[in-house]
Amino acid sequence: MNLNSPFVRKVMYITAIMLLLFPLFLLGQPATSTGRGGKLAQLRAEHSLSQAQLGDIDPLSISMQLATFGLRGVAVNILWEKATYYHKTEDFDNLSATLNQITKLQPHFLKVWEYQAHNLSYNISSEFDDYRQRYDWVKRGINFLVEGTRYNRQQPKLLQNVGDFIGQKIGTPDERIQFRQLFLEDRDFHQTLDEEDGIDAFTRRALGPTGKPDNWLIAWQWYQRAEDAVDPLGRRHLGKEPLYFYMLKPKSLISFAMAIEEEGFLDEKGREAFRRASEGWTEMGTRDIPTPSGFSVRMNDLELHRRAAADLRQQIISLSGDLYERIKADKESSLTEIEREAMALPASLRGDQENSLVRDVENKLRILNEDIVALLPPELRPRGASLARAAEDRFDRVTAVEYCRELTNFEYFMMRCEVEQLKIATDARLAVRLADEFFVNTEVEKARDQYELAWDKWAEIFRKFPRLLDDPEAEILRQSVGNYEQLLAQFDETIPDDFKLRQLIEKYEMGNRLPDGFNPTGMPQGAGN
Amino acid sequence: MIVDPSEFVSFSTWFSGAIAGFAFNVLILMIAWLVLWYAFTVLRHGPTEAILIIARAVTDFFLVDGPNTSPRRIGAMARLAVKESLRRRVVVVFAVFVIILLFAGWMLDTENDHPSRLYLGFVLTMSNYLVLALAMFLSAFSLPTDIENRTIYTITTKPVRPMEIFWGRVLGFVIVGTVLLVVMGLVSSVFVYRGLYHTHEVDAASLQTDSQLARQTGETTHDSHHRHDFFIDDDSTSDDGTIGTTDPLVKEHRHMVTRHDDGTIEIGHPQDQLRARVPVYGKLSFISREGNLEERGLNVGKEWSYRSYIEGGVSQSAAIWTFSDVTAEQFPEGLPLELDIRVFRTSKGDIESQIRGEIILMNPNPDPQVDPRKTRSTPLPFRATEFAATEEFIDLEDIKYQDVDGQLQKLNLFEDLVDDDGNLQLLIRCVEHAQFFGMAQADVYLKARETSFWMNYAKCYVGIWLQMVLVVLFGVFFSTFLTGIVALQATLATLVLGMFGGFIADIQSGEVAGGGPIESLARVESQEGVTTDLDIGEGAALIDRAFMAAMGYVADVVPKYPEFNTVRKVAYGYDIRGSILARHLLITLGYFLVLSVMGYFILKTREFAA
């Protein structure tokens, strides 16, 4: 038989096909309830890539993808172009419809959901003049994103975005009062959110002081869902640094507390909200936050690391005997006369030059652990080096914790939560609020009484928590003091010299606060004082 | 709604310009045709014979074939074409249409604020595309198939004249397409009606009675992704009971509410969803900050320049509309104005309030002898609402002026403010400082009346039908001298060029960056962005320009299909004017005449045996 004959060729082809079926079967066998399936099915399960593991399976979406006959990319490109065109020509209905089509074709491409949800809630909503219409479009972006989470259930980034939109987009813009009110009354939207996994819109943890769901508390639940979706192996992208990722949940409680105080709940409800916020913030401080340095830290552990670092240094100093004192004396003896004089000057009397000199001197006098260890006797050096390494590690952790605390304003919010839980704080705020209202309504006597009551309380607060003087809230308080000044002027009086909030006035005088008639397009008048 | 500026041109102005352009193009075409025809004929028969052949063909057209064209034979050819279409299972298109409709509900965004626009846009666009595709396939393959199968001989030997063959095919395919369109239209209308129809119940917990206002208010249940607030005034009665309404409009509709004598409240069917307003547009001009008359207002930085803006506050900035034919017969009780203007805030201002504006009515040509105070009304305030055509009815009783003593006196709109030619000017200003109103010509109009939505819907299908006729004409024309697949491609090319003519013009003018085909290819290869300068060489640039010019000319010559598309008008609830339809009809007629003549001469001179 001729090897080139068609029959032989056919037999060879069929044999090759039959042989190839075996590896194909091994590779492509689907997973079943009783078996793990082929290699591909196993890989899908291992990396959570199967359709069912990603999220909902939508027959319409699959149908549309199949109907493009492999030209899904082209179709999507055209739809994106159309979406851009509709946005430009303010045809928002068709834009919204086009976005739905895009997501049907690319349900697992996260960027589509993120980008277009942001487009709806932030860009398109701002095109409308009526705040009610803006709110509708913010909601539309939220609904869009929520739909995205159904297709991509375990994506922390997307889940957190929902929290961001519900919390920040409703709770922080200029029209937040109106948006929050609309949200409070939006029963249908509450119902829609309540239907999502892990979200309870009608239980206590979502209800604000009016007994209706609050946007910040709903956002908190979405942040919780995002944290629950975090993959311990880190395969699912958080979308931001872990520090910021984990900060948002407790921050939403603080925002809730601040919002209801702004709305007038200056009572036990407000204090309770800050109590809850404080618990959340403290809890965040106990969380292990990965750092770029390769280790994790907890923000509550600052003192722990500082003490440990100081203790280790003390051990090194003790190990060195009198070596430390000798090194110190040598360094001090090398100082110049000018440097000594600068050091001797009290801090309040130093000028720029003296301060610069003092900094240089402090650097010169600094004795590093390594310096001590280097001069230790050889038999003590290994122990000393070990202590120095441990101290260095502790010091790195101190730096990392300080950095994290600074980025998150950890101490400020801790203090703020602490202060706002005190009755004196809510009473002080209430007194100022009432006083301002009386002042605006020209009820001067009542206004005066309330102001003076308020100043007593605020003075007490600033005495216990002087850092609050640096708070922007203090600058707002200064405006109320300004009202008080105007009020006194009606009685032909001025602020007395022993005014309890004299520090506040001095801190926020001209040059330290925005002057009247400030021109945002140029330098403020009176600049250069 | 966006309205193309060409729609504001009157029919007579359009016609005079169009006829001149048509005559010019026909002349160019005729000369080019004769030259090409002569050149081809010379190659085959020599120069003298060629002249004779051409002369004979032309005389036959006018003296033999033309006068003896038989409607009976045309009808017979049309019957053949219909039978052929049925044999080709044209009903499959209808089946595809129905299947898509069945699944459309899944794809349409039912939570949209304007569901009627989506539904109408969807069914009309889908009908449009399907019927054009059908027309293309039917018309392009018909004659070439006959020629290939030699069945053309049985026709030409009847004898059937070339024009009868051409017209018969066109008529047959148009009949098929028309029947399909009618059925599609009926099915679509049912789909739209059913898709938009919904009901509500009363949310009993929301009912409240205000005895002072003698009014009962409440909310409906949440159905079809929305709910309504409603009110019932106790003194508004009818035979069925006390009548109320939902207010404000939600998703562009409202429901009547009836409280029966037994206290039950019934929510009626949705109303005002499907409308056909008849707008009376005016001519728009602007007054600048300094008080100068301008064609356009300010640009506030938007990329899309369809609208321009006027500044609010103490600036003289204003927009002026000049309306014609304002008569008491048309507007017996007042001016039913509708505004769809935009707002641009430079400061937040009062978030909860809409920006205030004012309307002033003026006589465009006041009599110098008349007190100037009587030639313009006092300002009529309004609040701007965006993205919705809001009604501002100006009652005749509210039109006043301030006399010399500062007292308000009544003005007669038609005697004092409308000039002898029936013109009236309407000035709009923004009252609030540092805020802006944006407007285009179609954003403010007088709503003369409303017509039947379903008549308007049918008019839209007429526009689709005309597009189909054009595609059939081109398909049959190309099939007279090209094979089936090539004729299809040629027809598709005219369709694409017609659809994207505006885009081609923008590339030619430079409004769309990126250059012609050679420059685009160079940019793709070098990965340069469209806005960066790219030197492709003088020769290549020249070729590009020539190519774009040719494409631009062809795009000008082929029908501009988007102009025939009146889907947007129907979706947004505006009447399709008869003058627009007449324009489209005349355009189609023009193509019909030209393509018929060209098709005749090709068939006449074509030797089928070859």
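In what follows, chains are A, B, ... by sequence order, proteins preceding strands, each numbered from 1.
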Under 4.5 Å to a heavy atom of chain B? For Gln178(A) that would be side chain
Bottom line for Asp188(A): the part with an atom under 4.5 Å from chain B's heavy atoms is side chain
Applying a strict 4.5 Å limit to non-hydrogen atoms, the region of His114(B) in contact with chain A is both
Applying a strict 4.5 Å limit to non-hydrogen atoms, the region of Arg568(B) in contact with chain A is side chain
One thing to verify: whether [Y] and [X] come together as a salt bridge, which I'm taking to mean a side-chain N less than 4.0 angstrom from a carboxylate O.
| X | Y | result |
| --- | --- | --- |
| Arg140(A) | Asp113(B) | yes |
| Lys569(B) | Glu7(B) | yes |
| Lys111(A) | Glu114(A) | yes |
| Glu219(B) | Arg187(A) | yes |
| Glu196(A) | Arg153(A) | no |

For residues 343-356 of chain B against chain A, heavy atoms under 4.5 Å, the residues are Val343(B), Arg345(B), Lys348(B), Ile351(B), Glu352(B), Gln354(B), Ile355(B)
Interface check, chain B: of Gln133(A), Arg134(A), Arg132(A), Glu127(A), most non-hydrogen pairs under 4.5 Å belong to Glu127(A)
From the list Ile199(A), Asn143(A), Val146(A), Leu193(A), side-chain contact (heavy atoms from CB on, under 4.5 Å) with Val162(A) holds only for Val146(A)
- Show your reasoning for whether ring pair (Phe, Tyr, Trp, His ring centres under 6.0 Å) applies to His198(B) and His255(B). CA-CA 10 Å; His198(B) 63 281; His255(B) 300 256; 5.0 Å; yes
Checking heavy-atom separations under 4.5 Å from chain B, one finds in residues 80-91 of chain A Lys88(A), Thr89(A), Glu90(A), Asp91(A)
**Tyr122(A) ring center within less than 6.0 Å of Phe165(A) ring center** = yes
Of Met1(B), Arg227(B), Arg342(B), His226(B), the largest count of non-hydrogen pairs under 4.5 angstrom with chain A goes to Arg227(B)
Fill in: Atom CD of Glu437(A): over 12 foreign heavy atoms under 6.0 Å
yes
query = If you count the non-hydrogen atoms of other residues, nucleotides and ligands that lie under 6.0 Å from CZ in Phe500(B), is the total more than 12?
reply = no
Distance col, row Asp214(A):CG vs Ile166(A):CD1, nearest 0.5 angstrom, shows 11.0 Å
Practice item. Determine, stepwise, if the pair Arg180(A) / Glu262(A) fulfils side-chain contact (heavy atoms from CB on, under 4.5 Å). Key: CA-CA 12 Å; Arg180(A) 276 175 54 78; Glu262(A) 188 184 25; over 6 Å; no
